[in-house]
J.: 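Below is one structure. I have some questions about it.
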Number of protein chains: 2
Amino acid sequence: METPLREPTFLILTALAGEPLHGYGLIAEVDRLSGGRVSLRPGTLYGALDRLVDAGLVRVDHEEIVEGRLRRYYQLTEPGGEVLATETERMRRNVDAATARLRAIKAAPRLSGGVA
Amino acid sequence: METPLREPTFLILTALAGEPLHGYGLIAEVDRLSGGRVSLRPGTLYGALDRLVDAGLVRVDHEEIVEGRLRRYYQLTEPGGEVLATETERMRRNVDAATARLRAIKAAPRLSGGVA
DNA sequence: AGCCAATATATCGGCTGCGAAGGTATGACG
DNA sequence: CGTCATACCTTCGCAGCCGATATATTGGCT
């Protein structure tokens with residue numbers, strides 16, 4: 001697993017931090033928690049899930065058949081929760097650093113397009 | 001330019017939001033603002049700078065020779081500042097979503113490794 | 001004088017993760 | 001009986017990062 005986590009992977013872990021979900025449910029949940037801004041594609045989702053399971057951050061919780069269709073539920077593991085917490089902290093620091101500098105820019109713009 | 005920005009690219013923009021910097025100065029600044037956690041490699045830095053200049057998010061401010069060595073200073077453009085702001089907002093939302101769910105986990109763990 | 005470290009730039013190849021596209025199967029609905 | 005929605009999975013190309021490597025100059029150490 002590469003770290004820093006990319007956005008799709010990060011959101012998958014975040015979604016699973018709520019409750020175990022199956023593939024399609026995960027897509028829906030990520031859609032919801034991102035306010036519709038991120039729609040996972042199957043290729044992204046299953047690739048990411050395979051990697052996450054390999055790395056032990058997620059595991060298959062159980063499978064069930066609903067209306068003839070298999071649902072494979074994935075669950076966040078404890079290491080998965082730790083990685084999510086660590087990555088969240090990293091991002092928080094980056095966000096804070098950027099926010100501080102952006103505030104300074106607004107106060108006294110120094111960009112190419114600044115007021116002449 | 002791919003969006004979401006990857007961490008090195010994001011930090012380069014953040015560093016340049018403070019003041020124009022040259023390559024090596026940028027490496028030092030990113031080192032500092034990341035608390036030593038991120039040390040840019042030349043390959044990462046110059047690749048990213050090329051892409052950022054191509055995309056118009058950063059531009060060459062000026063060049064100067066200090067002690068016989070060329071320093072090429074890069075400056076954040078206005079579009080660059082906007083992208084940085086947008087990306088920061090995106091990350092803030094993701095951080096908030098993850099934080100909320102992580103808090104819930106701590107209160108009532110539901111992970112594989114939870115208390116038996 | 002001779003050498004190594006630090007400053008400063010740049011390039012190349014491999015790896016990884018994402019995304020677009022496409023594929024299979026089942027049940028529901030008209 | 002065809003189409004849509006659900007649900008799984010695979011393959012391929014691309015973009016960005018990183019390690020390694022290269023080149024040039026200044027300065028310090030011996």
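Remember, it's a predicted structure, so these values are computed and weren't measured experimentally. Below, chains carry the letters A, B, ... as their sequence lines are ordered, and counting in each starts from 1.
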J.: Could you check how far CD of Glu2(A) sits from P of dG19(D), rounded to whole Å?
T.: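 Nearest whole value for this atom pair: 11 Å.
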J.: Among the nucleotides dG16(D), dC18(C), dT7(C), which one has an atom lying closest to any side-chain atom of Arg6(A)?
T.: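 When the side chain of Arg6(A) is considered, dC18(C) is the closest of dG16(D), dC18(C), dT7(C).
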J.: Taking CD1 from Ile65(A) and P from dT6(D), how many angstroms apart are they, rounded to a whole number?
T.: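 It is 18 Å, rounded to the nearest whole Å.
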J.: Given dG16(D), is OP1 or OP2 found less than 4.0 Å from the side-chain N or O atoms of Thr9(B)?
T.: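 It does not, given that no N or O in the side chain of Thr9(B) lies less than 4.0 Å from OP1 or OP2 of dG16(D).
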J.: Parallel, tilted or perpendicular for Tyr73(A) and His62(A), by the 30°/60° rule?
T.: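 Rings of Tyr73(A) and His62(A): parallel, under 30°.
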J.: How about Ser34(B) and Arg90(A): does a side-chain donor come under 3.5 Å of a side-chain acceptor?
T.: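 Checked: Ser34(B)/Arg90(A) side chains show no N/O donor-acceptor pair below 3.5 Å.
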J.: What is the distance, rounded to the nearest whole Å, between atom OH of Tyr73(B) and atom C1' of dT9(C)?
T.: 14 Å
J.: Between P on dG17(C) and CD on Glu87(A), what's the gap in Å once rounded to a whole number?
T.: 12 Å
J.: More 5' along DNA chain D: Glu67(B) or Arg51(B), using each one's nearest nucleotide?
T.: Arg51(B)
J.: For dT9(C) and Tyr46(B) - does any side-chain N or O of the residue sit under 4.0 Å from the phosphate oxygens OP1/OP2?
T.: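 Checking Tyr46(B) against dT9(C): at least one side-chain N or O falls below 4.0 Å of OP1 or OP2.
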J.: Asn94(A) pairs by side-chain hydrogen bond (donor to acceptor under 3.5 Å, both in side chains) with which of Arg92(B), Glu87(B), Glu7(B)?
T.: Glu7(B)
J.: Whole angstroms only, please: what is the CZ-P distance between Arg71(A) and dT6(D)?
T.: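 Whole-Å distance recorded here is 10 Å.
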J.: Over all strands shown, is Pro8(B) touching base, sugar-phosphate only, or nothing at heavy-atom distances under 4.0 angstrom?
T.: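 Here Pro8(B) touches the backbone only, sparing every base.
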J.: What's Arg69(B) touching, base or sugar-phosphate or nothing? Going by heavy atoms closer than 4.0 Å.
T.: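 Base contact.
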J.: Checking all strands, does Gly43(B) fall into the base, sugar-phosphate, or nothing category for heavy-atom contacts under 4.0 angstrom?
T.: base
J.: By nearest atom, which of the nucleotides dG19(C), dC17(D), dT9(C) is closest to the Ala48(B) side chain?
T.: dC17(D)
J.: For the pair made of OH in Tyr24(B) and C1' in dT26(D), what is the distance, rounded to whole Å?
T.: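 Roughly 13 Å, once rounded to whole Å.
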J.: When the nearest nucleotide of DNA chain C is assigned to Gly23(B) and to Gly68(A) on a heavy-atom basis, which residue is associated with the more 5' position?
T.: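 The residue mapped nearer the 5' terminus is Gly23(B).
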J.: Using whole Å, report how far CG of Leu49(A) lies from P of dC18(C).
T.: 11 Å
J.: At under 4.0 Å, does any side-chain N or O of His22(B) touch on OP1 or OP2 of dA8(C)?
T.: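 The answer is yes; a side-chain N or O of His22(B) sits under 4.0 Å from OP1 or OP2.
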J.: What is the distance from atom OG1 of Thr99(B) to atom CE of Met91(A), rounded to the nearest 0.5 Å?
T.: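 One gets 9.5 Å once the value is rounded to the nearest 0.5 Å.
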J.: Which nucleotide sits closest to the side chain of Arg72(A): dA20(D), dC8(D), dC18(C)?
T.: dC8(D)
J.: How many angstroms lie between CD in Gln75(A) and CZ in Arg59(A), if you round to the nearest 0.5 Å?
T.: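 Here the interatomic distance stands at 5.5 Å.
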J.: Please state how far atom CZ in Arg41(A) lies from atom P in dT6(D), giving the value in whole angstrom units.
T.: 15 Å
